[in-house]
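Working notes, beginning with the structure itself.
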Number of protein chains: 2
Amino acid sequence: MCCEDRLAAELRQRNMRMTPQREMVLRVLHDLPAGATAEEILQQVASLSPAVDLSTVYRSLDLFESLDLVSSYNGPNNERRYELLTIHQPHAHLQCQRCGKLQTIDLQTLDTVAAELLGSHRFILRSEHLVLPGICHTCSEQQSAASA
Amino acid sequence: MCCEDRLAAELRQRNMRMTPQREMVLRVLHDLPAGATAEEILQQVASLSPAVDLSTVYRSLDLFESLDLVSSYNGPNNERRYELLTIHQPHAHLQCQRCGKLQTIDLQTLDTVAAELLGSHRFILRSEHLVLPGICHTCSEQQSAASA
DNA sequence: GTTGATGCAAAACCTTTGCACCGAG
DNA sequence: CTCGGTGCAAAGGTTTTGCATCAAC
């Protein structure tokens with residue numbers, strides 16, 4: 001797991017310590033590709049080591065975020081979800097407003113808009129933090145089936 | 001205020017009641033083009049009628065959202081902001097991750113992506129609910145000035 | 001007069017913080 | 001051995017809920 005080494009390096013550089021808790025949070029994030037809430041992460045961590053506290057999870061996540069290892073975004077139900085930036089291809093999310101499901105899309109899809117926004121508003125789009133709301137395939141089919 | 005009539009109509013249709021509180025929340029939203037938090041809305045409403053309760057504001061906002069009069073999005077600081085959909089041109093937001101400022105952009109800017117997402121993922125983008133994170137003009141200038 | 005909406009207070013969440021103790025370096 | 005990190009508990013902030021009362025229809 002390369003992110004572990006990277007974490008260790010960043011920590012050393014700042015006189016911070018590598019702990020089992022941080023390692024576990026990192027590993028859990030690694031295994032949850034779609035992102036997870038702090039609570040979900042805690043549950044996974046607890047299955048490895050039950051005594052870990054939610055506040056530790058939050059502190060680890062904040063730390064990882066400040067090291068650009070993790071990014072957070074607001075998922076459905078207004079819940080904050082955290083996701084490893086290092087392992088997966090950079091990507092954005094499609095979020096269904098009906099069923100809440102998240103899909104992943106390639107960043108290239110957004111290149112055109114990004115360029116446009118830079119030109120028109122001098123705004124640097126950070127697509128990897130982006131959640132696009134809408135209605136997913138399944139839900140829109142259900143809807144049209146229901147109204148038919 | 002056309003949205004008032006629309007609200008009245010929707011309410012009647014559902015056997016719900018038009019109340020001074022709902023009217024006030026609607027009017028305040030009308031006067032806060034950039035959107036506002038429940039708390040901010042309450043403050044404005046309180047200046048008209050001090051006894052109104054925060055929970056009433058929340059209930060009104062939930063109601064308006066379910067009637068598609070209002071949309072909510074997560075602004076900077078993870079706060080939920082509410083915005084009238086009816087009066088302004090439909091638009092999306094640019095949100096600066098550095099300074100938190102919100103800009104408004106035209107929906108047409110997103111037409112290309114919307115079409116692409118529909119084609120590739122059969123996902124119906126609801127651009128009017130969209131908040132695009134990134135770095136604004138001012139902040140990116142500051143940054144390059146600082147590093148120079 | 002009915003019954004939906006309100007205000008109030010309390011609960012329910014989620015996230016952060018203070019502090020004594022523990023353990024990574 | 002030192003000082004940064006942890007667990008625990010408590011506080012903070014926001015949103016929701018239960019209930020008696022009020023007022024729109």
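Values below: every heavy atom of this structure, side chains too, minus hydrogens, waters and symmetry copies. Here is how names work: the chains are called A, B, and so on, in the same order as the sequence lines, proteins then strands, and each is numbered from 1.
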Item to check | Heavy-atom protein contacts under 4.0 Å, nucleotides 18-25 of chain D, coded B base, S sugar-phosphate only, - none | outcome: B----BBS

Item to check | Residues within residues 37-45 of chain B bordering DNA chain D, heavy-atom distance below 4.0 Å | outcome: none

Next on the checklist: With a 4.0 Å cutoff (strictly under), does any side-chain N or O of A:Q21 reach OP1 or OP2 of C:dG23?
Outcome noted: no

Rounded distance in Å - [atom1] ([X]) to [atom2] ([N]):
X	N	atom1	atom2	value
A:D62	C:dT15	CG	P	10 Å
A:D53	C:dG18	CG	C1'	13 Å
A:M24	D:dG5	CE	P	15 Å
B:L63	D:dT16	CG	P	13 Å
A:Y58	D:dG7	OH	P	15 Å
B:L54	D:dG13	CG	P	14 Å
A:R80	C:dC13	CZ	P	19 Å
B:E65	D:dT15	CD	P	12 Å

Checklist entry - Can a donor-acceptor pair be found between the side chains of A:E83 and A:H93 at a distance below 3.5 Å? => result yes

Nearest heavy-atom neighbours spanning [X] and [Y]:
X	Y	result
B:L110	B:S127	CD1-CB, 3.8 Å
A:L26	A:E4	CD2-CA, 3.6 Å
B:A36	B:I41	CB-CG1, 3.8 Å

Checklist outcome for this item: Sorted by chain and residue number, the salt bridge (Lys or Arg N to Asp or Glu O under 4.0 Å) partners of B:E40 (sequence neighbours excluded) come out as B:R81

Checklist entry - Do the side chains of B:L42 and B:Y82 join up, straight or via other hydrophobic residues, at under 4.5 Å, putting them in one cluster? => result yes

Next on the checklist: Between the side chains of B:E23 and B:R27, is the shortest nitrogen-to-carboxylate-oxygen separation below 4.0 Å, so that they form an ion pair?
Outcome noted: no

Next on the checklist: Among A:C136, A:C139, A:S140, which residue satisfies the side-chain contact (heavy atoms from CB on, under 4.5 Å) criterion with B:F123?
Outcome noted: A:C136

Next on the checklist: Using a 3.5 Å distance criterion without hydrogens, assess whether the side chain of B:R22 forms a donor-acceptor pair with backbone atoms of B:R17.
Outcome noted: yes

